Amino acid sequence: MKVREKFIIADTQYQQIAVDFAAQMAFGIQGLPSCFKMLPSYLPRACGQERGQYLSLDFGGTNVRAVLVELAGCGRVNIVRSAARPIPVQLTGSAAQAEQLFDFIAELIAEVAQAEQAYALGHTFSFPVRQTDINSGVLVEWAKEFATAGVVGSDINSLLRKALAARGLVSVQPQVLLNDTVATLLAASYTDKNTIIGSICGTGHNTAFFDPTSNMIINLEAGNFDLLPVNEYDLLLDAVSNNPGRQKLEKMTAGRYLGELFRLAVQREDFAQPFALDTQLLAEIICGQDARFDQVEQELAVAIVQRAASLVAASYAGVLSYLNLEPGRHYSIAIDGSLYEKMPLYAAGIRATLDRLMAEQTEHIRIFAESRGSSVGGAVAAALASKSFCEEDI
Ligand code: BGC
């Protein structure tokens, strides 16, 4: 069997993945054993009339961003100021301490916040956090190869508050903690009330959905789905990762891993180092822009990306079937993340596979890029926490 063929999955298997995905959601919501954490966000959707200026902190996988956002109501948004920086790799390893990581974040916030002004802050923290309310929650486990010491088991906004206080930024008040998938759903629902799924296809992968029963957005931690047809390269990647046996769907679909999967499968001496081949290069190989790679290797890269997109589509088909939607009504899926925006074949692959898997039932399903998910979503969450909208507007 050619290496490329090992990355090809039949539609019948994608159908089965959708069925299993929905079943795992049903188990998780009932508190039965499930690969999903089903983490409650304590947040509803946006009503579109939230107003005011809020600070948004976006702590993702690759960068940290602090953004001052003005919500103007009627779905209108202005970005007032922002600052962003890549997270230094030495802060993500197990030798680094929580205090160092959160001081780096506080330093960035200081660039956006004015000392004399008070700010409500929405903290988008893109890792699995078990919350007890809108503003408190502990990190369950790291993902995306992070391993900073002293964060797992700690209350995330307490760590942030301490770091802000140490820099004299007491006027910045963290008021909400939310996952980036929740932020994406919130930001999207600010302008499109039909949004029922928020998803990230970037360095990591995850999905949240709006649960009408609890009137709350729920973070699936979908990257941990594991009823999947894996090949020998998936197993190899999992074995050398920081979290073997965990986040199997994420390892087959997310930017942190796709280049590595290709590197393991292609076995070239000039790319002997783990993680030496990133998604940027993978995109160039797919477009035939790197003469070092021949057509067979290009086709392999295409197969890896197409499988990733199709797996994500199958997971959305699973969520849609779990939600048991009203026929004929419009629903939207909002996606944020570099892979969705930039990787050739990825966005088109999601749409095409979802259409195939759901036959003629997809014309009412809008899939769109919500590229300001974490900044706007964090601000909308802070507005919801401070109840800064006119009741009569709803
Ligand atoms: C994390 C999720 C996050 C996703 C996308 C995953 O590794 O576990 O919490 O939503 O990455 O950033």
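Because the structure is predicted, anything quoted here is derived from the model rather than measured. Ligands are counted one by one from 1 in listed order, and the atoms in each one are counted from 1 as well.
With hydrogens and angles disregarded, a donor-acceptor distance shorter than 3.5 Å links the side chain of Ser199 to the backbone of Asn206. Remark: the backbone N or O of Arg307 is not paired with any side-chain donor or acceptor of Ser310 at under 3.5 angstrom. A donor-acceptor pair is defined here as one N or O able to donate and one able to accept, closer than 3.5 Å; such a pair exists between the side chain of Ser189 and the backbone of Ala46.
Taken from CD1 in Ile217 to CG in Leu39, the straight-line distance is 13.5 Å, to the nearest 0.5 Å. Note that the CG atom of Leu228 and the CD atom of Gln13 stand 10.5 Å from one another [nearest 0.5 Å].
Counting only heavy atoms of the protein, atom 4 (C) of ligand 1 lies nearest to Asn206 CB, 3.6 Å. Summary of contacts: the protein heavy atom closest to atom 11 (O) of ligand 1 is Lys144 NZ, 3.1 Å. Here the protein heavy atom with the shortest distance to atom 6 (C) of ligand 1 is Glu250 OE2, 2.9 Å. Of all protein heavy atoms, the one lying nearest to atom 10 (O) of ligand 1 is Asp180 OD1, 2.5 Å.
When each atom of ligand 1 is checked for a heavy atom of Ile200 under 4.0 Å away, the hits are 5 (C), 12 (O). Residue Ala143 has at least one heavy-atom neighbour below 4.0 Å for each of these atoms of ligand 1: 7 (O), 8 (O).
Polar contact check, Asn179 against ligand 1: a nitrogen or oxygen pair lies under 3.5 Å apart. Ligand 1 has an N or O atom lying under 3.5 Å from an N or O atom of Glu221, backbone or side chain.
No option in Phe27, Phe21, Tyr322, Phe209 other than Phe21 meets the ring-ring contact (aromatic ring centres under 6.0 Å, His included) test with Phe36.
For Pro128, the heavy-atom gap to ligand 1 drops under 4.0 angstrom. Residue-ligand proximity: Gln247 is placed with a non-hydrogen atom under 4.0 Å from ligand 1.
Between Leu178 and Gly122, the shortest heavy-atom distance links the atoms CD2-C, 4.4 Å.
When heavy-atom distances to ligand 1 are checked against a 4.0 Å cut-off, Thr203 has no atom that comes that close, whether in backbone or side chain.
Note on Val129 and Val140: separate hydrophobic clusters, where clusters join Ile, Leu, Val, Met, Phe, Trp and Tyr whose side-chain heavy atoms are under 4.5 Å apart, directly or indirectly.
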